[in-house]
Amino acid sequence: YRRELLQRLGIDFRCISPETDEQPLKHESAHALARRLAQAKAQAVADRHPQAVIIGSDQVLSCAGEVLGKPGDHDAAVAQLQKMSGLTSVFSTGLCVISPGAGSADLAVVDYSVSFRKLEIGEIERYLGREQPYDCAGSFKSERLGVTLIEAMHGDDPTALIGLPLIELSAMLRRAGYSLP
């Protein structure tokens, strides 16, 4: 998802897996977790490629005070969507840019709220059968059929909901020396 979004900026890049532990710390908020993971992922790649500009990102979902990650399987996805039914959830996308010689990482977290309508189990099953969003935070993909599950979305950057806030990233890349557009 992030690769497709990053291609919109028209810059050369390559994707490298950071091999980072994504487990939340005890009592860690979604906002803090998204920020920590984005920085950890960027730093892990920067350690291997110190002369490159590195972008790290991670998305975490919070619903009713609980952090929800990627479900991994059908049963967990059903449980997540039932939990979000009728509630507003916040998708927090952490973003970190590390550039050579910058001295410090450029960090941000961009939040995007999604208000889910009351969902029936049949709707959840049909959605999961068609989308299979088991690798998405909260089992939710707004860019496809997930949009049928919601009442409203609120935020400054709709690309943050997909996993890479391009408005903030563009500002960070300009600070790192890129000419955009």
Side-chain angles (χ1 to χ4, degrees), residues 1-24 28-46 53-63 66-73 76-77 80-81 83-84 88-98 105-116 127-128 130-150 152-174 176 178 180:
Y1 310 111
R2 289 183 183 100
R3 179 188 324 246
E4 290 174 19
L5 288 170
L6 192 53
Q7 287 173 339
R8 292 184 191 182
L9 298 182
I11 58 175
D12 291 330
F13 67 92
R14 68 180 216 218
C15 295
I16 300 171
S17 177
E19 308 295 329
T20 305
D21 180 7
E22 296 186 13
Q23 290 300 312
E28 187 173 31
S29 71
H31 200 267
L33 176 60
R35 180 182 173 94
R36 180 177 61 81
L37 290 178
Q39 185 171 17
K41 289 177 176 186
Q43 191 61 59
V45 175
V53 173
I54 306 297
I55 301 166
S57 183
D58 199 81
Q59 186 176 70
V60 180
L61 167 66
S62 61
C63 178
E66 183 181 340
V67 173
L68 302 178
K70 299 170 187 171
D73 64 34
Q80 285 183 338
L81 290 167
K83 179 172 190 64
M84 294 186 296
T88 297
S89 297
V90 178
F91 290 80
S92 297
T93 305
L95 188 59
C96 180
V97 173
I98 297 175
D106 197 350
L107 285 160
V109 178
V110 179
D111 291 332
Y112 207 88
S113 298
V114 176
S115 298
F116 288 83
Y127 166 71
L128 293 175
R130 293 187 59 193
E131 291 292 338
Q132 300 178 0
Y134 307 130
D135 63 341
C136 298
S139 314
F140 180 68
K141 289 172 70 173
S142 64
E143 63 273 27
R144 302 233 356 215
L145 286 176
V147 75
T148 66
L149 306 177
I150 61 174
M153 299 187 302
H154 304 283
D156 294 331
D157 185 346
T159 59
L161 184 56
I162 303 171
L164 189 65
L166 293 181
I167 294 171
E168 183 65 33
L169 178 58
S170 294
M172 291 174 151
L173 290 174
R174 284 192 296 277
Y178 281 82
L180 297 174

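- Heavy atoms from other residues, nucleotides or ligands lying under 6.0 Å from CZ of R144 number 12 at most.
- The CD atom of Q80 lies 9.5 Å from the CG atom of L128; values are rounded to the nearest 0.5 Å.
- Looking only at distances, no side-chain donor or acceptor of Q43 sits under 3.5 Å from a matching main-chain atom of I98.
- Smallest separation of non-hydrogen atoms from L166 and L5: CD1-O, 3.5 Å.
- Counting only heavy atoms from C-beta outward, the side chains of M84 and V114 never approach each other to under 4.5 Å.
- Using cut-offs of 30° and 60° for the angle between ring planes, the F116 and F140 rings count as perpendicular.
- More than 12 heavy atoms of other residues, nucleotides or ligands lie within 6.0 Å of CG in D135, so this atom counts as buried by the packing criterion.
- Note that NE2 of H154 is 7.0 Å distant from OG1 of T88, once rounded to the nearest 0.5 Å.
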Show which side-chain atoms of residues 14-21 pair as donor or acceptor with protein atoms under 3.5 Å away, not counting sequence neighbours.
from : atom 1 : to  : atom 2 : distance (Å)
S17  : OG     : E19 : OE2    : 3.0
T20  : OG1    : P18 : O      : 3.4
D21  : OD1    : Q23 : N      : 3.0

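- Here the OH atom belonging to Y112 is positioned 9.0 Å from the OG1 atom belonging to T159, to the nearest 0.5 angstrom.
- Closest approach of A38 to S57, counting heavy atoms only: CB-CA, 4.0 Å.
- One distance of note links CG of L95 with CD of Q59; it measures 12.0 Å at 0.5 Å rounding.
- Taking all atoms of both residues into account, the shortest heavy-atom contact from E143 to Y1 is OE2-CD2, 3.7 Å.
- Rounded to the nearest 0.5 Å, atoms CG (D111) and CG (D157) are 11.5 Å apart.
- Residues satisfying the side-chain hydrogen bond (donor to acceptor under 3.5 Å, both in side chains) test with S113, not counting sequence neighbours, are none.
- Put simply, the side chain of E131 never gets that close to the backbone of G146: no donor and acceptor are under 3.5 Å apart.
- To the nearest 0.5 Å, atoms OG (S139) and CG (L61) are separated by 9.0 Å.
- Residue pairs meeting the salt bridge (charged side-chain N to carboxylate O under 4.0 Å, His left out) criterion with at least one partner in residues 30-46, sequence neighbours excluded, are E22-K41, E28-R36, K41-D58.
- The environment of CD in E4 is sparse: at most 12 heavy-atom neighbours from other residues, nucleotides or ligands sit within 6.0 Å.
- A donor-acceptor pair under 3.5 Å is absent between the side-chain atoms of S92 and the main chain of A30, judged by distance alone.
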Practice problem: Please lay out, stage by stage, how L9 and Y178 fare under the test side chain to side chain contact (heavy atoms under 4.5 Å, CB included). | Solution: CA-CA 11 Å; L9 298 182; Y178 281 82; over 6 Å; no

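- Using a 4.5 Å cut-off on side-chain heavy atoms (C-beta onward), L173 and I11 make contact.
- The shortest heavy-atom contact between S142 and M153 is CB-SD, 4.5 Å.
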